[in-house]
*Asks:* 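Have a look at this one before I ask anything.
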Amino acid sequence: MPDAFLDSSVVIGLLFRNAGERAACLKAIPEDAARVGSRYVQFEIARGFLRSLILLHNASFEYPSFSALHQAAHSGQRRFKPYEMQTWMGAFDDYFAALEAEDGAPDPDQQLNEFRAKLWSWIRRGWRKLQADFVPLNAIGCREDLPPPLRRSDQRVDQLLPLLECGNPAACRLQAFVDDPRASKTALAVGLDRLPEKQKDSETIRHIDALRELLAVSAGTEFTGSHCHRAGDGLIAIEMPVGHLVVTKNRKHFEPITPLLGKPFAIALPARSTQAPDS
């Protein structure tokens, strides 16, 4: 039975989302398989999903009611930040799913406070489980001292991630991972570049460019830290040890990546309901 190497989309589904999403992710993981994560995946979640969730929590203080916040989440401005908007919409789905499970109608005057309280509990509990529930591989050499989300005296939440140190060779070991060995990273960049044009969406093009930039930087030289994030799916697939199975919800980008590396993958299908199948 291969161990299951979980990408960020599946870890988020298991730790931060509603019962239906958790069930959908669990269904894709082979029975009795060990669930393996990595420090890189943790950092990906912190600087992407969790940062968006914290932003929603803090934004809730700027609106007079839950309905006003909900309306703002659908605003045209959010559409220019698709990942952030997707995270916010998922949080509202999870909140409504929790209300359904609790079989209680919210008090309109208290709904904004209740929603904010749930966001904080999901942030705090999810981060704690993220540190405890998975074997933390770290072949990439990602930061191991990520600080937890903390609530300030004004009740807003901060997580002071060392993002400015990404790309600094004194603080980041990604270059060593890229160099040893370089062949798999080069083969991935070349293989993705040879995909039919219709398969190369904007994210795949950024992925190719980021891999090329990382390969072009000599050891010990500072590089653009965001390239690490842009090449994320490929780095996760390369980091996965031989004999493991990468489990992801991101079919669109892992489906072309894993065959180029000769590695297997499994797809967690979208949940049909926010509730668990037996609920």
Side-chain angles (χ1 to χ4, degrees), residues 1-46 48-50 52-53 82-83 86-87 89-91 93-94 97-98 100-101 122 125-140 142 188 192 195 199 201 203-204 207 229 231-279:
M1 174 65 65
D3 289 340
F5 192 77
L6 310 183
D7 89 323
S8 55
S9 65
V10 170
V11 175
I12 289 167
L14 291 174
L15 299 187
F16 292 92
R17 296 301 314 281
N18 58 67
E21 290 289 343
R22 292 196 297 273
C25 290
L26 285 171
K27 191 173 181 179
I29 300 172
E31 190 174 354
D32 298 327
R35 301 174 196 172
V36 181
S38 76
R39 296 294 184 194
Y40 180 83
V41 168
Q42 290 180 356
F43 204 163
E44 283 289 280
I45 291 171
F49 174 84
L50 202 58
S52 296
L53 206 62
Y83 185 86
Q86 181 183 12
T87 301
M89 294 300 99
D93 288 344
D94 294 342
E100 185 177 348
W122 295 337
R125 181 191 63 200
W127 182 257
R128 183 176 65 249
K129 291 177 70 64
L130 181 62
Q131 307 305 304
D133 284 10
F134 304 101
V135 178
L137 300 181
N138 197 12
I140 289 177
C142 205
L188 181 58
L192 290 175
L195 290 173
Q199 288 185 250
D201 62 356
E203 185 172 340
T204 299
H207 202 141
H229 178 60
D233 294 338
L235 294 177
I236 289 170
I238 293 169
E239 184 182 34
M240 182 182 74
V242 174
H244 287 53
L245 172 77
V246 64
V247 185
T248 178
K249 297 178 70 176
N250 185 3
R251 177 188 293 274
K252 183 175 185 180
H253 296 111
F254 273 88
E255 197 164 44
I257 287 173
T258 47
L260 292 170
L261 298 171
K263 293 183 174 181
F265 72 99
I267 297 296
L269 298 175
R272 296 184 176 181
S273 169
T274 57
Q275 302 300 314
D278 58 351
S279 62

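These numbers come from the heavy atoms of this one structure, side chains and all, not from hydrogens, waters or symmetry mates.
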*Asks:* Please report the shortest heavy-atom distance between Ala24 and Ala268, naming the atom on each side.
*Replies:*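 Here Ala24 and Ala268 meet closest at O-CB, 3.9 Å.
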*Asks:* Does some side-chain heavy atom of Leu137 sit less than 4.5 Å from a side-chain heavy atom of Pro241?
*Replies:* yes
*Asks:* If you measure from CD on Glu255 to OG1 on Thr248, what distance do you get to the nearest 0.5 Å?
*Replies:*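 So the CD of Glu255 and the OG1 of Thr248 are separated by 11.0 Å.
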*Asks:* Distance check, rounded to the nearest 0.5 Å: Leu235 atom CG versus Glu44 atom CD?
*Replies:*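 Here the rounded value is 8.0 Å.
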*Asks:* Once rounded to the nearest 0.5 Å, what's the spacing between atom OG of Ser8 and atom CZ of Phe49?
*Replies:*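 Separation between the atoms: 10.5 Å.
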*Asks:* Determine whether His207 and Asp233 make a side-chain contact, defined as any pair of heavy atoms from C-beta on separated by less than 4.5 Å.
*Replies:* yes
*Asks:* Atom CG of Asn138 and atom OH of Tyr40: how far apart are they, to the nearest 0.5 Å?
*Replies:*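 The OH atom of Tyr40 is 12.0 Å from CG of Asn138, to the nearest 0.5 Å.
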*Asks:* Pick from Thr258, Asp7, Asp201: which one makes a side chain to side chain donor-acceptor pair (under 3.5 Å) with His253?
*Replies:*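 Answer after filtering Thr258, Asp7, Asp201: Asp201.
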*Asks:* Work out which heavy atom in Ala23 is nearest to a heavy atom in Pro277; give both atom names and the distance.
*Replies:* CB-CD, 3.6 Å
*Asks:* Work out which heavy atom in Tyr83 is nearest to a heavy atom in Gly48; give both atom names and the distance.
*Replies:* CE2-C, 3.5 Å
*Asks:* Do Phe5 and Leu245 have side-chain heavy atoms sitting under 4.5 Å apart?
*Replies:* no
*Asks:* What's the spacing between Trp122 CH2 and Leu53 CG if we round to 0.5 Å?
*Replies:*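 The CH2 atom of Trp122 sits 8.0 Å away from the CG atom of Leu53.
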*Asks:* Carefully, step by step, assess Thr274 and Asp94 under the rule side-chain contact (heavy atoms from CB on, under 4.5 Å).
*Replies:* CA-CA 7 Å; Thr274 57; Asp94 294 342; 5.7 Å; no
*Asks:* Checking the side chain of Lys263 only, and the main-chain atoms of Met240 only, is there a donor and an acceptor separated by less than 3.5 Å?
*Replies:* yes
*Asks:* Report yes if some heavy atom in the side chain of Gln131 is under 4.5 Å from a heavy atom in the side chain of Gln42; otherwise report no.
*Replies:*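 Gln131 vs Gln42: side chains touch.
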*Asks:* Which atom names give the shortest non-hydrogen contact between Gly20 and Ala271, and what distance separates them?
*Replies:*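 For Gly20 and Ala271, the tightest heavy-atom pair comes out as O-CB, 3.4 Å.
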*Asks:* Should the pair Arg272-Glu21 be classified as a salt bridge under the 4.0 Å nitrogen-to-oxygen rule?
*Replies:* no
*Asks:* A side-chain contact here means heavy atoms from C-beta on lying under 4.5 Å apart; do Leu6 and Val41 qualify?
*Replies:* no
*Asks:* Is there side-chain contact between Lys249 and Cys25, with heavy atoms separated by less than 4.5 Å?
*Replies:* yes
*Asks:* So Leu269 and Lys27, do their side chains get closer than 4.5 Å, heavy atoms only?
*Replies:*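 Sidechains of Leu269 and Lys27: no contact.
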*Asks:* Between Arg22 and Leu15, is there a donor-acceptor pair closer than 3.5 Å when you use the side chain of the first and the backbone of the second?
*Replies:* no
*Asks:* Do Glu239 side-chain atoms and Ala139 backbone N/O form a donor-acceptor pair below 3.5 Å?
*Replies:* yes
*Asks:* Does the pair Arg35/Asp3 count as a salt bridge with the N-to-O cut at 4.0 Å?
*Replies:* no
*Asks:* Shortest non-hydrogen contact from Gly243 to Pro2?
*Replies:* O-CB, 3.3 Å
*Asks:* Has the side chain of Asn250 got a donor or acceptor atom that lies under 3.5 Å from a matching backbone atom of Phe254?
*Replies:*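 No, because the side chain of Asn250 does not come within donor-acceptor range (under 3.5 Å) of the backbone of Phe254.
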*Asks:* With side chains defined as the heavy atoms from C-beta onward, is the minimum distance between Trp127 and Ile45 less than 4.5 Å?
*Replies:* no
*Asks:* Rounded at 0.5 Å granularity, tell me how far CG in Leu130 sits from CG in Leu50.
*Replies:* 8.5 Å
*Asks:* So which atom in Leu188 and which in Gly234 form the shortest heavy-atom distance, rounded to 0.1 Å?
*Replies:* CD2-CA, 3.7 Å
